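Here the structure is laid out as C-alpha cells; the discussion comes afterwards.
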Amino acid sequence: MKTFFTELFKKANTGFWPIVIVLGILIVGSIGVYQSPRSLSAFLTLMLCPMMLYFLKINMKVKIFIGLLLIIVILPVLGIRNIFYLEVIFQMAVFAALALGLNIVIGMAGLLDLGYVAFYAVGAYAWAIFGSKQLSLLNSVPGAAPAGAEFSLAPTYFWLFLFLGVGLAAITGILLGLPVLRLRGDYLAIVTLGFGEVIRVLALNLDKPINLTNGPQGITPIQRPPLPPEFIMGPIRNLLTPIVGHVPTEAEFYNVFFYFLALIIIMIAILVATRLEDSRIGRAWTAIREDETAAIAMGIPLVKMKLAAFAAGASFAGGMGVLYAANRTFVSPETFSFLQSIGVLTMVILGGLGSIPGVIFGASAVVILNIQVLQNFSLYLSALRQSDAVIPIINFEWKNLSNQLDPAKYQKLVFGIILVVMMIFRPSGLIPAERRKRELVEDKE
Amino acid sequence: MNKRLLALLSVLVVASMVLAACGAPAATEAPAATEAPAMTEAPAATEAPASGPAAGSMGTIKIATQSPLSGGQSLLGVAIKQGAELALEQLGGDLAAMGYDVQLAPYDDQATPDVGVANAKNIVADSAILCGVGHLNSGVMIPSSEEYHTAGLAFVSPANTNPVVTTRGYLEVNRIVGRDDVQAPAAEEYAFKTLGAKSVFIIHDKTAYGQGVAEFFRTAAEEDGITVVDFVGTEETANFDAIIAPLVAAAPDVVFFAGIYNQAGVFFKQAREAGFEGTFLGTDGMDSSDLADLAGTALTTGGGMAYTTVAGPASAYPSAAQFVEDYTAKFGAAPEAYASQGYDAMGVCLAAIKAAAEAAGGTPTRNQVALAIRALSYEGLTSTIAFDEIGDLPLAKYFIIKVNATSKDTWGTNEIIDSFDLPSPGK
Amino acid sequence: MKQFTSNPFYKFILFPVGQIVAFAVGASLVLSLLTVLLAYIFRANITDFDLVERVLLILPQVVINGLTIGFVYSTIALGYTMVYGVLEFINFSHSEIFMVGGIVGVELMAYFDHTGALQTMNQYVVIALAIILGMIISGSLAVTVERIAYKPLRGAPRLVPLISAIGMSFFLQDAVRLILSLTTGEFNVILPQFGTFDKFLVLAVPGIEAPLRFQIKNLLLVGVAVLMLVGLNYLVNGTKIGKAIRAVAQDRPSASLMGINVNMIISVTFLIGGALGGAAGVLFALKATKLDPFVGFFPGLKAFTAAVLGGIGNLTGALLGGLILGLLESFSASYLSTFTSGAFGAEYKDIFAFAILILVLILRPSGLLGQTVGQKA
Amino acid sequence: MALLQTTNVVKRFGGLVAVNKITFSVDEGRIVSIIGPNGAGKTTFFNSLTGIYRPEEGEILFKGNSLIGLRPDQVSARGMSRTFQNIRLFGSMTVIENILVGMHNQLHQSAIDTLFRSKKFHEEEKEAEAKARALMEYVGLKNVGNELARNLPYGGQRRIEIARALAANPTLLLLDEPTAGMNPNETADAIKLFRRIRDEKGVTILLIEHDMRVVMGISEHISVMDYGEKIAEGSPAEIRKNQRVIEAYLGREAASAKD
C-alpha cells in the first residue's frame with residue numbers, strides 16, 4: 001500500500017504532471033465555487049490548490065504566478081460571490097499569524113505559553129479603546145451611550161495603531177516575561193495560563209472605577225480605515241459587476257479589503273518568522289529549546305533570548321488583534337478565552353511544532369474544521385432531522401437523532417483528540433519542521 | 001520513506017476524509033431532496049443548485065435561526081429553535097402553496113460573539129435565506145446584526161432585551177420582546193412599591209445582558225432612594241460563599257440577580273442556606289423550570305422569589321394552549337421560555353415573506369422582506385405584533401411572576417402577579 | 001521522646017492532625033490580623049461606616065468559608081502534587097478527574113432519589129457511598145488516562161506529555177457532556193435535596209455579638225478532607241507501597257533496579273491521586289449543589305496553584321498551599337469591595353490568586369515548603 | 001600570571017561538600033588534567049568554573065578577573081568554552097548549525113539586519129558558515145554539515161561538541177571526559193586532536209578524565225581530586241609515583257571492581 005502511494009506520488013511529481021494537477025484543481029475548484037458558491041466541497045477543492053502548489057515540484061516562477069493569480073484575482077472574485085469565504089480566509093490568516101507567533105514561543109524557543117491570546121487581546125483593545133467613542137465614555141455607566149460621545153481619533157489612525165499594537169503587545173510580552181522566565185517550563189505554562197486569564201478578567205472588569213473597556217458589554221462601534229473611493233465607485237466596481245453577477249456593495253468591498261490586509265500581514269509574518277528562524281537569533285532559540293544548559297554554556301544569554309522570543313511571538317498577536325478589532329467593529333472579553341489559546345496551540349501542534357508551513361497548514365485546517373466542516377455537518381444533520389429519511393439498514397429515523405449529537409458542539413472534543421493523538425503518534429506534526437540545507441557547504445564538495 | 005512525502009500523504013488522507021465527510025454536506029443546499037426523494041414535493045429541487053431564488057421563481061426559501069444550541073444556555077437557545085421549527089411546520093403552508101420549498105437553517109452561535117459573526121457571514125452569503133430568527137444573547141446579537149444590516153437581511157429577535165439592539169436604528173433589526181431599560185425599572189418598581197424594599201443587593205453575571213439589566217436597576221433604585229448595599233459581578237458558578245458572607249451580614253430586603261437561571265439557582269440556594277431571609281428578584285433570565293430544580297425550596301421560603309419577564313408563560317396567552325400541546329407532542333417536553341417567542345418570530349418572518357412575495361409577484365428581495373416586516377401587523381401567540389420605526393414593539397408586555405415551584409414539575413404553578421403593557425422608550 | 005515520636009499513633013494520627021490544625025489556625029490568624037490591621041489603617045479614609053466594625057462583623061464567617069474551600073483545594077492539590085512528585089509532570093487533566101468524581105457521586109444520589117430510597121436512607125451512608133463510588137470511578141479513570149495518554153510519552157521532552165494532558169482535559173470535558181446529554185438530555189447535574197446537612201450548628205461565643213454558624217456540610221467536608229489527608233499520610237509514610245512510591249519519586253532507575261515495578265507504582269500513584277480528586281469532587285458537589293462538565297477547570301487551576309504555592313511534590317505543602325489560597329480567596333472576595341468602596345470587588349479574586357502565585361514563584365521558585373533542586377548540568 | 005587561578009573554592013549541596021577548598025591554577029598554553037574517581041567532584045568543579053553553579057566560598061580568577069557571580073554565557077564570552085561529560089549537542093539541529101550556535105557571541109548581526117537581510121547579514125552568515133565548515137573539518141569530519149547532530153555516530157558527536165566549543169574562540173577549553181566511551185584507536189585520535197588544538201590554535205586545555213592511563217599520555221600537569229578535595233598535583237611522572245594517589249585512587253578502583 002505504502003509503495004503504491006509512493007510510486008503514485010513519484011509519478012505525479014515528475015515532468016509536466018505537477019503543473020497539470022495544480023491547474024486542474026485550480027480550474028475545477030474555481031468553476032465549482034463560481035457555479036455553486038455555497039458548496040463546501042468545491043471550496044475545499046480550491047483550497048487544495050495552494051497545498052499542491054506548495055508540495056509539488058514546479059518551477060518557482062510558475063508557482064508564484066499561479067499563487068498570485070489565485071490570491072489576487074480568483075479568490076476575491078469568488079469571495080464577492082460568497083463573502084463567507086473571505087471570512088474563512090480572513091480567519092485563516094488571523095489564526096495563522098497567531099499560530100506563527102505562538103510557534104516562535106513554543107516551537108522555536110520551547111516555552112509553553114498557555115495564555116497567548118492575552119497579547120491578541122492587548123492589540124484588539126488598543127484599537128478598540130482609541131478607535132471608538134470609548135474615551136469620551138470613561139465616566140459613563142457601561143451600556144449607556146450618552147448622545148454627545150464622539151470618536152476620539154480619525155479612522156486613518158488605524159494604520160498607526162497597526163504598528164502600535166505590535167509594539168504594545170511586544171512590551172506586554174516582555175513585562176510578563178521578566179518575572180516568570182526564570183521558571184521551569186511547566187511552571188511557566190501555568191503562570192502564562194493565569195496571565196491569560198488575568199488579561200481577560202481585566203478586560204471584563206475595567207468598566208469601573210473608570211470605564212475603560214466597557215466591561216462585558218464590549219466596545220462597539222470601532223472604526224475601520226476608509227476605503228479608497230475607486231473601489232466603491234470607480235472602474236474596479238464596474239469591472240467586477242458582470243463577473244460576480246451583481247453590483248458589489250461597500251460591505252463586500254470591505255470584506256475584500258480585510259482579506260487583502262490580512263494576507264499582507266500574514267506574508268509579513270511569514271517573512272519575519274522565516275528570517276528570524278534562520279539567523280543567529282533563531283538558532284539561539286532552537287538551542288535553548290534543545291538544551292538550555294548547553295545553550296547557556298555556549299554563550300547564549302538565556303533570559304534575553306527568551307524575552308526576545310516572548311516579545312516577537314506577542315507582537316504577531318498584537319498586530320492581528322488591531323486588525324481583528326477593525327474587522328469586527330466590536331470587541332468583547334469573550335473572544336479572549338482560554339479555549340482560544342488552546343485552539344491556537346492545537347493549530348501549532350497539528351501542523352508541526354517549529355515548522356512554519358506546518359503551523360499555517362494547521363491554522364487553516366482547524367479554522368475550516370471549526371467554522372465550516374463542523375457547522376455544515378450540524379446543518380446537514382438538522383436538515384436530515386427535518387426530513388423523514390431513515391438510515392437504511394438499522395431502520396433508524398433521522399428525526400429521532402438527538403440534538404445533542406451536533407458536531408459543532410464538540411469543538412473541545414476534537415481539539416482534545418487532536419492534541420493527544422498527535423503527541424502520541426506524531427509529535428512533530430503533519431508537516432514537520434525541516435532544517436535548512438546549507439548549499440554553500442555542500443556545493444564545495 | 002521520505003518524511004515530506006509522508007506528510008503530504010497524511011495531508012491528503014485528511015483532506016480526502018474531509019471531502020468524503022462533506023461530499024454529503026455538499027448537498028446541504030438541498031439535503032431533503034437528496035436523501036429523501038420520497039418526501040420532496042418538488043423533485044426538481046434536486047437538480048437546482050443552491051444558487052438562490054434567481055434560478056426559478058418558485059425556488060427554495062430558507063429562514064435561519066441563530067441561538068446557542070450548545071453550552072450552558074442551550075436550553076433557552078434550543079427552545080427558540082424548536083419554537084421556530086414548529087412555526088415553520090404549522091405556518092409554512094401558505095408559502096408552500098405558492099410553490100416555495102421553505103426550509104429552516106438552524107445555526108449554533110454557542111453564545112459567543114465570534115461564532116455568531118462568522119455564522120452571520122455564512123448566513124448572509126446564502127442568498128436563499130430571506131429572514132432570520134435570533135439571537136438569545138444581546139452580546140452576540142449586537143455584533144452579528146452589523147452583518148445582517150450591511151447585507152440587508154432582516155432578523156427578528158425573540159429574546160434580546162438590551163436597548164442597543166434596536167437603538168442603532170437598523171431597518172433589519174426587529175424584536176418582539178420588551179427592553180431592559182423598561183424591564184429593570186419595572187422590577188425595581190415592584191421591589192419598591194409592592195415589596196416596600198429599603199435596601200437592595202445587586203449581583204450580575206458579568207455578561208452584556210446581566211450587567212446591562214443590573215445597571216438599569218441600580219439607576220432606578222437610586223432614584224427611588226433605595227440603598228444599594230453592594231453591586232457585584234461574578235463569573236463564579238459553584239461557590240458563592242465569599243459574596244454571601246457580606247450579603248447575609250448586610251441583610252438587605254431584596255437581592256436582585258441579573259443573569260441566567262443556571263447560575264442564579266445555585267446562588268439562591270446557597271444564600272438561603274446561609275441565612276438570607278429577604279426576597280430574591282430577577283429578570284427574564286430566570287425564566288426556566290431548571291431554576292426550580294436548582295434552587296428548590298429556597299425560592300419559596302423567606303421572602304420568596306419573583307422575576308420580571310418579557311416572555312410570559314404560555315398560559316399567559318389565550319391562544320397558547322394549543323401551542324403548548326403541539327410543542328410537547330413534537331419535542332417531548334413542555335416549552336421553555338422563548339419557545340413561544342421563537343414561534344412568533346418565525347411567524348413574523350413567514351408572514352412578511354408572504355406579503356413581500358405577493359407584492360413583488362415572485363420571490364422577494366431581502367429588502368422587500370425587511371420593509372414588509374415593518375409594515376406588518378401580525379397576530380401572534382404572545383401579542384399582536386407590529387413594529388415602530390426602530391424595530392421595537394410600540395407597546396410591549398411585561399410580567400411579574402412569583403415563583404411557587406420548588407421542582408421542575410411544578411413550574412406551572414407560578415403565578416402572574418402583575419402584567420402590564422409599557423411603551424418602548426424609542427431611540 | 002524518641003520512642004514516643006516513633007509511636008504509630010503519634011506518627012500517623014496525632015502529628016498530621018496537629019499539623020493540619022496548626023496550619024489552619026495559623027493561616028487564619030495571620031490573615032485575620034493583617035486584615036484588621038489594614039482596616040485600622042484605612043479607617044479614616046472611609047466615612048460612611050466604621051471599617052473595622054464592618055470587617056469584624058463577618059470575619060468569622062469569612063474564615064470558615066476560606067477554610068472550607070481551602071480544604072477542597074488541598075484535597076485536589078494532593079493529586080497534582082503526588083503525580084508531580086513521581087513523574088515531574090503536571091497532570092492537567094486532574095481537574096476533569098475531579099469533575100467526573102463529583103458528577104458520578106451526584107448521579108448516584110440522583111439514582112437513589114429516583115428509586116425513592118434517598119429519603120429513607122441515612123444521609124451519611126448516602127454521602128459515604130457517593131464518595132466511595134466517586135473515588136473508585138475517578139481513580140480508575142485517572143489510571144486509564146495515564147495508560148492511554150501519558151505512558152506512551154514517558155521519556156519524551158517535558159512539553160509533550162503536558163500537551164497531551166491538556167488535550168485529555170478538553171476531551172474529557174466534552175466526552176462527559178456527550179454522555180450526560182445522551183443519557184439525561186442535559187448536562188447540568190443537580191444534587192437532590194435530602195437530609196439535614198444543609199442546616200447550621202449555631203455556636204454562641206461569649207464576647208462576640210453574632211453567634212458562629214457552622215453549616216453541617218461544611219463541617220462534614222472539612223472532616224472528610226482531614227480524614228483523607230491523614231489516610232494519605234499513613235499510606236505514603238507508613239506502608240510498603242508508600243515506600244515504593246517514595247523510592248520511585250526519588251530515583252526511578254534505581255528503584256527499578258531494586259525490583260520495584262515502576263509502572264505499577266506510577267499507576268498506583270495515579271489511582272490514589274485520582275481517588276482523592278474524586279472524593280474532593282463529591283465534597284465540592286455537596287457544597288455547590290450543581291455540577292456541569294466544565295466545573296473542574298477553575299477549582300483545578302486553583303488547586304494546582306495551591307500545590308505550587310506550597311511547593312509542588314511536597315504533600316504537606318499542598319495542604320498548606322490549599323488552605324492559604326482558600327483563605328486568601330475568601331478574604332479578597334469578601335473584603336475587596338469594602339476596602340475600596342466598591343471600586344474593585346469579588347470579581348478580582350482570581351487575579352489575586354494568580355498574583356500571589358507569581359509573587360511566590362519569583363521570591364521562592366520552589367514554593368513555600370519545596371526544596372530547591374539544583375539544576376542538573 | 002596563571003590564565004586560570006582558583007583559591008579555596010567550596011561548593012556545597014545541602015550538607016554535602018562536593019568541592020572542598022580547591023586551590024588550583026592553569027598556566028597559559030598548557031594541557032592540564034584533573035583526575036579522580038567517580039564522584040570526586042570534578043564535574044561540579046567544572047560547573048563552578050563555568051558559572052552553572054555559584055560556589056559558596058573562594059575566588060576564581062580568569063585572565064586576572066573574577067568569574068564569581070557571572071552567568072555561564074558571560075563566562076563563555078570571556079573566553080572559556082566547554083564540552084560536557086554526557087554529550088549535549090542540539091540534536092535536532094544540523095551539525096553546521098550546532099557549530100554556528102557556538103559562534104553566538106562572535107556574530108554581530110542585529111535584529112534589523114536579520115529582518116531586512118542586510119548585506120552585513122549575508123556576509124557575516126557566509127563567513128560564519130565557512131568558518132564552521134573549516135572547524136568541522138578541523139576536528140576530522142567531512143560532508144556531515146547538513147546531517148542532524150543526533151544522527152551522527154558517537155565519536156562524531158564528541159568531535160562536533162569540540163568543534164562547537166572551539167567556535168566561540170576560547171582561550172581556555174574545558175573538556176569533560178572527552179574520551180569516555182571511545183575505543184583505543186579513537187582515543188589515540190582524540191589525543192592527537194587535543195595536541196593540535198593546543199599547538200596550532202594556542203588554546204589552553206583543561207580536561208577531566210576518569211581514566212588515568214589516557215591522561216598520562218597527554219597532560220603536562222595533573223591535579224588529583226578525591227571526595228571533593230585536591231589530594232595531589234604535579235607532572236604525570238610525579239603523580240604516577242605519588243603514594244596517596246595510588247592508594248586512594250586505585251584502591252577505590254579495586255574496591256569498586258569487586259562490587
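A note on names: the letters A, B, ... follow the listed sequences, proteins ahead of strands, and every chain is numbered from 1. On a predicted model such as this, the values are computed, not experimentally measured, just so you know.
Taking every heavy atom of both residues into account, A:Met298 and D:Arg82 meet most closely at CE-O, 3.4 Å. Taking every heavy atom of both residues into account, A:Ala297 and D:Phe84 meet most closely at CB-CZ, 3.7 Å.
How far CG of A:Asp291 is from CE of D:Met93: 11.5 Å, rounded to the nearest 0.5 Å.
For D:Phe116, the CZ atom counts as loosely surrounded, since its 6.0 Å shell holds 12 or fewer non-hydrogen atoms of other residues, nucleotides or ligands. Annotation for D:Glu127: atom CD does not count as buried by contact number, only 12 or fewer foreign heavy atoms lying within 6.0 Å. The environment of D:Lys120 atom NZ is dense: over 12 non-hydrogen atoms of other residues, nucleotides or ligands sit within 6.0 angstrom.
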List the atom pairs, donor and acceptor, that lie under 3.5 Å between side-chain atoms in residues 100-107 of chain A and the rest of the protein, sequence neighbours left out.
| unit_1 | atom_1 | unit_2 | atom_2 | d |
| --- | --- | --- | --- | --- |
| A:Asn103 | OD1 | A:Gly354 | N | 2.7 |

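Taking chain A as the reference chain and counting heavy-atom pairs below 4.5 Å, the highest number among D:Asn105, D:Leu107, D:Asn98 is found for D:Leu107. Of the listed residues (D:Val75, D:Val101, D:Leu100), the one with the most heavy-atom contacts under 4.5 Å to chain A is D:Leu100.
D:Asp73 places none of its side-chain heavy atoms less than 4.5 Å from the side chain of A:Ile300.
In this structure, chain D has no heavy atom under 4.5 Å from any part of A:Ala312. Proximity to chain A (any heavy atom under 4.5 Å) is restricted, for D:Phe121, to the side chain, taken from C-beta onward. Of the two parts of D:Ala128, neither the backbone nor the side chain holds a non-hydrogen atom closer than 4.5 Å to a non-hydrogen atom of chain A. Heavy atoms closer than 4.5 Å to chain A are found nowhere in D:Arg78, neither backbone nor side chain. Both the backbone and the side chain of D:Ser92 come within less than 4.5 Å of a heavy atom of chain A.
The closest donor-acceptor contact from the side chain of A:Arg275 to the backbone of D:Leu115 lies under 3.5 Å.
Contacts from residues 278-290 of chain A to chain D, taken as heavy-atom pairs separated by less than 4.5 Å, involve A:Asp278, A:Ser279, A:Arg280, A:Ile281, A:Arg283, A:Ala284, A:Thr286, A:Ala287, A:Arg289, A:Glu290 in sequence order.
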